[in-house]
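In listed order, ligands and their atoms are each counted from 1. Position 1 is the first residue of the sequence, and the numbers go up from there.
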Amino acid sequence: MCGIVGYVGPGADERALDVVMEGLARLEYRGYDSAGVALVNGHEVATAKRAGKLANLRELLAEHPMPPSSTGIGHTRWATHGGPTDQNAHPHRGGTDGKLAVIHNGIIENFHALKSQLLAQGITFTSETDTEVAAQLLAIAYEEAQDLTAAMRQVVNRLEGAFTLLAVHADAPGVVVAARRNSPLVLGLGDGENFLGSDVAAFIGYTRRAVELGQDQIVTITADSAEVIDFAGNPAHGTPFEVTWDAAAAEKNGFPTFMEKEIHEQPHAVADTLLGRSTPQGRLALDEVRIDEADLRAIDKIVIVACGTASYAGMVAKYAIEHWTRIPCEVELAHEFRYRDPVIDERTLVVSISQSGETMDTLMAVKYARQLGARTISICNTHGATIPRESDAVLYTHAGPEIAVASTKAFLAQITACYILGLYLTQLREAQAAADVPEILRELAAIPDKIETLLGRMDRVREIARFMADSRSVLFLGRHVGYPVAMEGALKLKELAYIHAEGFAAGELKHGPIALIDAGQPVFIVVPGPDTPHSLHDKVVSNIQEIRARGARTLVIADEGDDSVAPFADEVITIPQAPPLLSPLLAIVPLQVFACELATAKGLDVDQPRNLAKSVTVE
Ligand code: M6R
C-alpha cells in the first residue's frame, strides 16, 4: 500500500528530488496508483503529483522541473478515500498560503467529523481525501505554534485510525516531521543526511543503519539529527537495527521479473530460515523465542492468524504442528478472528504469520489476542515491522526482500519457520515425536537442494502454461497438506493471470465441486506421496479417475517414482520425494511457475498485478 519517503540532506547538496524519486521507485512493489513529491526550497514548498505510475510523475517533472532542494518528501498512493486522480494524489497542501505539505499512509477514521468542523470555519478542500484534513489541521496548528513538531503533536492527538504522516513547511527548511500510529515508519541514519521510509527499501541505496519507530511516536529529522518524542511530548526512542540485505538484493539480477527471481531464490529462503537454529545433534535452539519455557509447556491451544498466502502457510503448518506436538491447532483468517468471540486465554499461543509484518488485519488480531491474555509469536520476514514489535516473540523468516506483490519465497520460508516452531515445541514438551526431531531436521535440510533440482526441470510446466494462456477457469485439488497447496496454487493464478481459479479439498469433490467438471476443464491435482497415512494417495488417485471420466483435463503433481497416476493423467509433473508433511515445500513450486509463465504469456505485469498492494495496511 502507500509508500512514503522523507529526506533531509546537507544544504549544499540539493539532491532531495533524486533521493526521494529513487526511494519511491524502490517502494513501487507495495502497489500504488498515483505518486507525488514535495520539496522545500528557500521559503517555498513546491509539489508535483500525477495519477498513474511513477513514469507519469517523471514526465511531469521533465516538463516542469522542480527547484533544487535538500529537503523532500515523496509518496506512492493506493487509493482508499477518493479515486486515483491527480487531485487526490499526495502531497496535500494546508493553509491559505499552501506553505505546508503532507503525505499520509493509513486511514483517518474521524475525518468526516473533522472536515465538517473545518468547512464550518470556511476552509475549502481540493480533494476527496482524508489526508487533506490532516494537512489543513497542521497548517492551523503551525500558525499557532510556529513549530512543525509541536503542530504535529497537537494534530495527531485529534486523529483516530491508522496513520503515518510526514510534513514539511516552507518556513522550516531542512526539517521533516513524521508521526506514526498503527502504520509503518522506519528511520534511516546516514552521515550528514537522514531518511524516513515506509520500510527500509526506501533508503537501502544510502544506508543500512535503521531505527524502528514505536507506536504513537513523532520523529523530527534534520540533516544532522533525529529526535523522537511520544504523542504526549515526552522524549522517546525507537529500536535501532542493521538491515541485513543491501540494495543489490532488491534488484532483478538478470531475471526478467522480480517474481521469476524470487521463485528461483526459494532454495535459499528455506536454507537461510533453517540456518543457525539447530545444533549438529539435531536439537533446536531458538534463543529469539523469548517466551518463558514454562508458559510454552503450559500451552493447551495454538491459533494461527494470517491473511492470504500466509494463511495457507498456516494451514500447512496446522497438519505438522498438531501431528508433532499433539496440541490442538486452529488456523483463522485474521480479519475473521478479531470480529468474533474466540475462546482464547493465557494458555493459548497465537502465532501470526506475515511477510510484511504490517498487514493491518493481522496486527489487530495480535493486539486482540494479547488483550485476551494469549502469548503471541510473530513469524515475519521484515525487520523493523510492527507485528513483531507488538508480539511477545518473533521468529524471523530469512527470505530476503520480497518485491513482487504476489508472494512466493516468503510462503516457503513461512512454512519452514512454522515447522521449526512446531519441532521446537515438540522438543520442549517432550512429546512423543521428540525422538524424531533430528531426523525431520535432516529431511528439512535436504529440501533446498530438491527445490533447486525441481526448478531445473520446469520447461514442460512453462510449455503447458503458454498453451493454456486462453483458459477461462482452472481448478486445483489437493488433500491433507496438498489442500492448502491447491488453495495457494489457485490464488497465484488469480493474482497473476486474472483467471478464475479455485482450490478444493479433493474429498469435497463429490459434495459439490464435481458439478463444475465438463469436457476440457483443466484441473491440477496435488497427489499425496504414497507414504501418506490412511491411503490418502489411493483416494486421490480415485478422484483423478472420477473427474477424468467426466472430461476433465488432468494435470497431476506427483512424487517421482509414483507410476500409479500416469494412466489417468493428461500431464504428470513430478516432484522429488520428501516426507508427506514436508512435501508442500516442493509441490507448490510448479504451480508458482505455471501462474507466472501463463501471466507472462498473456503480457501481464507479474510483479505488480492490477488492484493489488504488497502490504495491506488498511482494513
Ligand atoms: O504481508 P503479509 O504476509 O501479512 O500479507 C498477507 C497477504 O496479504 C498476502 O499473502 C497476499 O495474499 C499476497 N498477495 C499473496 O500473493
For S407, the atoms of ligand 1 under 4.0 Å from one of its heavy atoms are 15 (C), 16 (O)
Y483 ring center within less than 6.0 Å of Y319 ring center: no
Ranked by distance from atom 4 (O) of ligand 1, the top protein heavy atom is T359 OG1, 2.4 Å
In ligand 1, the atoms that come under 4.0 Å of a heavy atom of S354 are 1 (O), 2 (P), 3 (O), 4 (O)
In this structure, atom 14 (N) of ligand 1 is nearest to the protein heavy atom E495 OE2, 2.4 Å
Any nitrogen or oxygen of Q355, main chain or side chain, under 3.5 Å from a nitrogen or oxygen of ligand 1?
yes
The atoms of ligand 1 lying under 4.0 Å from a heavy atom of T309, numbered in the order shown, are 10 (O), 12 (O), 15 (C), 16 (O)
So the atoms of ligand 1 within less than 4.0 Å of a heavy atom of A406 turn out to be 16 (O)
of all protein heavy atoms, closest to atom 8 (O) of ligand 1 is V616 CG2, 4.2 Å
So the atoms of ligand 1 within less than 4.0 Å of a heavy atom of S356 turn out to be 1 (O), 2 (P), 4 (O)
Can T164 and N105 be counted as having a side-chain donor-acceptor contact under 3.5 angstrom? no
Polar contact flag, side-chain donor to acceptor under 3.5 angstrom, K492-T309: yes
A student checking ligand 1 against G308 at a 4.0 Å heavy-atom cut-off should list atoms 12 (O)
shortest atom 6 (C) of ligand 1-to-protein heavy-atom contact is with C307 O, 3.3 Å
Here the atoms of ligand 1 under 4.0 Å from any heavy atom belonging to A310 are 3 (O), 10 (O)
Result for side-chain hydrogen bond (donor to acceptor under 3.5 Å, both in side chains) between K409 and one of H268, E262, E265 points to E265
Applying side chain to side chain donor-acceptor pair (under 3.5 Å) to T244 and R208, what does each step give before you reach the verdict? CA-CA 8 Å; T244 50; R208 286 158 74 175; over 6 Å; no
Hey, mind stepping through Q608 and Y32 against side chain to side chain donor-acceptor pair (under 3.5 Å) and telling me if it holds? CA-CA 9 Å; Q608 290 177 37; Y32 70 105; 5.1 Å; no
Taking the six-membered ring of Y498 (Phe, Tyr or Trp), confirm whether the NZ or CZ of R610 is under 6.0 Å from its centre and within 45° of its axis. yes
From CA spacing to verdict: side chain to side chain contact (heavy atoms under 4.5 Å, CB included), L165, I103 = CA-CA 6 Å; L165 287 168; I103 55 177; over 6 Å; no
*Does one side chain, of H264 or Q266, offer a donor that lies under 3.5 Å from an acceptor on the other?*
no
Note: ligand 1 atoms sitting under 4.0 Å from heavy atoms of K492 are 15 (C), 16 (O)
